[in-house]
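Below is one structure; the comments refer to it alone.
In what follows, chains are A, B, ... by sequence order, proteins preceding strands, each numbered from 1. The model shown is predicted, which means the values in this text are computed figures rather than measured ones.
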Amino acid sequence: MLFFSELLGRWPLQGVPVKLCASPVSWHQSPSSLLTIPMARKPLSPISHTTYTTQCCNEEYEIFQGTYSSLSFDHIYRGQGLAYTPGGPQPLITSYHNHSSAKLLQLIPPSGLALCMAEPDSNTQRRSGALAALRWQGFRSRSSAAPKEKPPIEMPLERTLPRPPAPVERRREMTEDEFWKWREEEPKYEDGIKWTSLRHNGPAFPPPYEQLPDNIKFYYNGEIVTLNAEAEEVASLYAKMLDHKLTRDETFRKNFFTDWKDTMSPEVKKVIASLDQCDFREMAEFGYFFLDGHKQRIGNYNISPPGLLVGRNSPNRGKLKKKILPEDVTINCSEKEVPEPPPGRRWGQVQHNPAVIWLASWKESPPEKLKYMMPHASSKLMGENDWKKYEVARSLKHHRAQIQEQYSKDWDSEDKSLRQRGVVLYLIDKFAFRVGNKTKDGMTTDTFGCCSLRVKHVTLHEDHKGETKKVEFNFMGKSSILYKKMVPVEEKVFRNLQQFKEEKGEKGEVDLFDQVNPQVLRTYLKSLMKGLTTKVFRTHIACITMEQQLKNLTHHHIKNKVLSFNEANRKVAELCNHQRTKTELHWSDLQDKTEASTDELSLLKKKLEQAMQGINTEELKSDVKRKDDELRKLDVKSRMEENKQLNLNSSNLYYIDPRIIVAWCIKWGVPVEEIYTKAQRDKFAWAIHMNNENFEF
DNA sequence: CTTTCCCATTCTGAGACCCAACG
DNA sequence: CCGTTGGGTCTCAGAATGGGAAA
């Protein structure tokens with residue numbers, strides 16, 4: 001909870017993290033009825049006026065009549081937010097976002113400051129930052145309202161840069177007590193006077209437009225036309241949206257063209273008569289690259305802005321991610337086509353390496369790791385790699401039996417390192433574990449994979465729920481996702497694990513497989529099959545599983561094809577342990593409910609049994625039935641919730657050979673569009689193009 | 001109308017794996 | 001000679017974002 005007093009010190013509110021207080025009554029002076037300020041769903045046109053009248057403090061006030069809509073901070077800074085109050089129009093300071101509404105909890109005269117607080121539902125919190133505040137001056141009741149004369153408001157929209165220097169004095173924020181003290185002691189101003197001193201830094205402006213380099217041209221009717229600076233800026237805004245469907249919308253085009261024309265110099269205006277003849281394509285500068293002359297999308301062309309590192313459990317979280325300058329960037333391109341660095345800057349390095357597919361790289365910190373600008377998943381280069389990956393995974397089927405035979409033999413070896421290797425490989429082959437590279441101490445999160453498993457991560461159960469020989473895994477995997485599963489294993493694997501554990505005694509933090517590391521394993525796998533690595537197993541198993549699951553769907557079960565597809569997909573996600581970690585709020589509620597219902601049901605059943613001897617059991621029977629139904633419904637719901645914990649996206653994007661899906665789609669007459677989204681179809685264009693009905697993984 | 005749910009897409013962090021250099 | 005290390009490259013990972021529509 002951020003107190004009102006604190007708010008004042010932080011005006012305007014951009015970027016202020018605010019926690020919601022469950023009962024925001026702590027600063028209430030007097031009870032007041034809630035006032036909802038409705039939000040327009042779509043930005044209202046400037047001419048539309050709406051009047052909202054509502055009850056507050058048991059008196060009726062006219063609250064707004066104005067042109068507010070999806071007001072963001074951005075709008076506010078530009079002074080576009082206006083509230084028409086009884087005292088006349090006033091700038092509105094709020095963090096409204098469309099999709100959100102806020103409850104005005106209290107109006108605090110006479111300063112006219114009002115605080116609006118969003119309801120603590122997840123959406124408003126997420127979208128609007130939980131708190132909206134509104135400064136409303138000239139607050140008066142209707143009875144004493146000043147005549148509705150709207151004084152012209154002076155809102156200097158144009159300022160001369162540079163901005164005025166920030167005040168040097170650092171001011172401590174008031175405590176709540178201090179705030180109220182100040183409020184009591186503040187001088188009573190006469191009407192029309194609000195303050196004696198007022199200081200701030202003015203609005204923040206977006207960076208100025210940078211003109212396009214000379215080699216970027218705009219064409220009209222096939223001819224190069226040089227636009228004046230202002231027209232170019234506006235044109236580039238349109239160019240950015242070329243892929244947007246709105247650029248085929250008549251009104252959108254008409255409106256843009258009219259406004260664009262206003263920015264043209266007379267000479268340019270004379271030339272450009274129709275939008276249809278305009279070719280903006282080159283002006284959409286970023287986001288594309290040309291591979292042997294063919295236009296391809298770039299995956300990530302925005303360098304992430306400086307900020308604080310938000311890692312998943314990373315020891316570096318909170319550390320500064322420095323601003324990346326052109327001088328930090330290495331460009332990879334062909335020799336005669338070096339991109340123009342931003343004006344007045346230069347590239348750190350330019351190289352012409354055709355052996356790699358990245359377009360630019362820079363070192364991001366922390367941790368000191370290279371980042372790359374890469375082609376988009378839909379590009380030829382990425383598509384080829386994707387295809388190659390699946391071909392390798394596919395070829396594993398010719399070697400798998402032999403590999404399994406080999407590692408099974410290793411379980412009996414005299415050599416402990418061989419026995420360990422055999423067990424490790426078994427786990428990888430059976431449970432699709434990641435290899436588990438060494439993590440740098442202190443630099444990265446402690447997460448684990450097969451080779452790096454520690455003694456405490458593995459629990460052996462000789463006899464578990466009547467079944468014998470079960471192994472329980474419990475460790476943090478990639479991205480700190482918990483891997484917790486209980487699985488049956490081969491007798492010999494079990495004995496070996498038992499022995500490895502025993503050797504280490506009570507030391508849970510010790511590596512379970514001390515004789516194996518990813519490097520050794522890699523060399524070994526390489527000798528078994530060309531291109532074989534640990535992750536090939538993961539891909540292979542995922543594909544086989546998917547194919548099998550889809551095959552199991554008979555005509556009878558295939559009524560809802562998309563649903564059955566998801567079911568199969570889910571199996572793969574489960575195998576790969578792909579989860580979403582967001583805690584669903586109602587998840588625990590549901591469990592509680594189920595538990596309570598179960599208790600009630602058993603109680604009712606008991607009652608029924610006791611009453612059986614009597615005659616009047618009908619009522620009880622129906623009670624039992626009702627409760628039973630209720631429980632069944634809850635069960636279905638909870639299973640649905642459970643499924644929500646799985647993340648199907650990763651397996652779909654990275655593990656399941658799209659050719660399996662395409663073949664399945666053809667076989668059952670399911671349009672690919674029903675299975676893959678637009679972005680996925682782009683990524684898997686290579687597989688869709690192959691269109692092979694008989695594909696078998 | 002507001003609020004909540006749902007989903008596709010983007011974002012950027014975190015692994016795997018390769019290879020050359022090192023000890 | 002051979003195992004280890006660390007930088008470089010590409011793949012995989014869930015969260016954040018934001019549009020749209022159902023409730």
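Going from atom CG of L521(A) over to atom C1' of dA16(B) covers 12 Å, rounded to whole Å. Between the P atom of dG14(C) and the CD atom of Q645(A) lies a distance of 12 Å, rounded to the nearest Å. Straight-line distance from the CE atom of M373(A) to the P atom of dT10(B): 16 Å, rounded to whole Å. Rounded to an integer number of Å, the gap from W358(A) CH2 to dT11(C) P is 15 Å. At whole-Å resolution of the value, CG in N647(A) and P in dA13(C) are 9 Å apart. When rounded to the nearest whole Å, the span between CG of L653(A) and C1' of dC10(C) equals 16 Å. For the pair L532(A) CG and dC17(B) C1', the interatomic distance rounds to 13 Å; values are reported in whole Å. With rounding to whole Å, F684(A) atom CZ is found 13 Å from dT11(C) atom C1'.
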Show me, pair by pair, the donor-acceptor contacts under 3.5 angstrom made by side chains of residues 473-483 of chain A, not counting sequence neighbours?
none

Counting only pairs under 3.5 Å, give me each side-chain donor-acceptor contact of residues 367-388 of chain A, with atom names and distances, residues two or more places apart or in other chains.
{"unit_1": "H376(A)", "atom_1": "ND1", "unit_2": "S378(A)", "atom_2": "N", "d": "3.1"}
{"unit_1": "H376(A)", "atom_1": "ND1", "unit_2": "S378(A)", "atom_2": "OG", "d": "2.7"}
{"unit_1": "H376(A)", "atom_1": "NE2", "unit_2": "R297(A)", "atom_2": "NH2", "d": "3.4"}
{"unit_1": "S379(A)", "atom_1": "OG", "unit_2": "H376(A)", "atom_2": "O", "d": "2.7"}
{"unit_1": "S379(A)", "atom_1": "OG", "unit_2": "M382(A)", "atom_2": "N", "d": "3.4"}
{"unit_1": "K380(A)", "atom_1": "NZ", "unit_2": "E384(A)", "atom_2": "OE2", "d": "3.3"}
{"unit_1": "D386(A)", "atom_1": "OD1", "unit_2": "K389(A)", "atom_2": "NZ", "d": "3.4"}

With a cut-off of 3.5 Å and sequence neighbours excluded, list every side-chain donor-acceptor pair involving residues 352-363 of chain A.
{"unit_1": "H352(A)", "atom_1": "ND1", "unit_2": "C333(A)", "atom_2": "O", "d": "2.8"}
{"unit_1": "N353(A)", "atom_1": "OD1", "unit_2": "A355(A)", "atom_2": "N", "d": "2.8"}

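In this view, F565(A) and W664(A) satisfy the ring pair (Phe, Tyr, Trp, His ring centres under 6.0 Å) rule, not counting sequence neighbours. Under the ring pair (Phe, Tyr, Trp, His ring centres under 6.0 Å) criterion, Y407(A) pairs with W411(A), sequence neighbours left out. Under the ring pair (Phe, Tyr, Trp, His ring centres under 6.0 Å) criterion, F256(A) pairs with Y238(A), W260(A), sequence neighbours left out.
I357(A) comes within contact range of the sugar-phosphate backbone alone, with a heavy-atom separation under 4.0 Å but no base atom that close. Backbone-only contact: Q579(A) has heavy atoms under 4.0 Å from sugar-phosphate atoms and none from a base. Looking at heavy-atom distances under 4.0 Å, T534(A) makes contact with sugar-phosphate atoms alone, never a base.
Residue pairs meeting the salt bridge (charged side-chain N to carboxylate O under 4.0 Å, His left out) criterion with at least one partner in residues 517-530 of chain A, sequence neighbours excluded, are absent.
Side-chain contact between V423(A) and V516(A) is absent, with no heavy atoms from C-beta onward closer than 4.5 Å.
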Return the polar atom pairs (N/O with N/O) between nucleotides 1-7 of chain C and the protein under 3.5 Å, or none.
{"unit_1": "dT4(C)", "atom_1": "OP2", "unit_2": "N517(A)", "atom_2": "ND2", "d": "3.0"}

Could I get a table of every N or O pair under 3.5 Å where one atom is in the protein and the other is in nucleotides 11-15 of chain B?
{"unit_1": "dG13(B)", "atom_1": "OP1", "unit_2": "K321(A)", "atom_2": "NZ", "d": "2.8"}
{"unit_1": "dG13(B)", "atom_1": "OP2", "unit_2": "E364(A)", "atom_2": "OE1", "d": "2.9"}
{"unit_1": "dG13(B)", "atom_1": "N7", "unit_2": "K371(A)", "atom_2": "NZ", "d": "3.2"}
{"unit_1": "dA14(B)", "atom_1": "OP1", "unit_2": "R312(A)", "atom_2": "N", "d": "3.1"}
{"unit_1": "dG15(B)", "atom_1": "OP1", "unit_2": "T447(A)", "atom_2": "OG1", "d": "2.8"}
{"unit_1": "dG15(B)", "atom_1": "OP1", "unit_2": "S479(A)", "atom_2": "N", "d": "3.3"}
{"unit_1": "dG15(B)", "atom_1": "N7", "unit_2": "K369(A)", "atom_2": "NZ", "d": "3.4"}
{"unit_1": "dG15(B)", "atom_1": "O6", "unit_2": "K369(A)", "atom_2": "NZ", "d": "2.8"}

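Mapping N649(A) and V536(A) onto DNA chain B via the closest heavy atom, the residue that lands nearer the 5' end is N649(A).
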Give the intermediate values and the outcome of side-chain hydrogen bond (donor to acceptor under 3.5 Å, both in side chains) for residues S413(A) and D415(A).
-> CA-CA 5 Å; S413(A) 171; D415(A) 186 344; 5.5 Å; no
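Below 30°, between 30° and 60°, or above 60°: for H578(A) and Y655(A) the angle between ring planes is between 30° and 60°, a tilted geometry.
Between Y655(A) and the phosphate of dA13(C), there is a side-chain N or O to OP1/OP2 separation shorter than 4.0 Å. For the pair S361(A) and dT9(C), the criterion of a side-chain N or O lying under 4.0 Å from OP1 or OP2 is not met. When the side-chain nitrogen and oxygen atoms of R580(A) are compared with OP1 and OP2 of dG14(C), none of them lie within a distance under 4.0 Å. Distances shown here put a side-chain N or O of N385(A) below 4.0 Å from the OP1 or OP2 atom of dT11(C). Look at R538(A) and you'll find a side-chain N or O under 4.0 angstrom from OP1 or OP2 of dA13(C).
Comparing atom distances between the S650(A) side chain and each of dT11(C), dA13(C), dT9(B) picks out dA13(C) as nearest.
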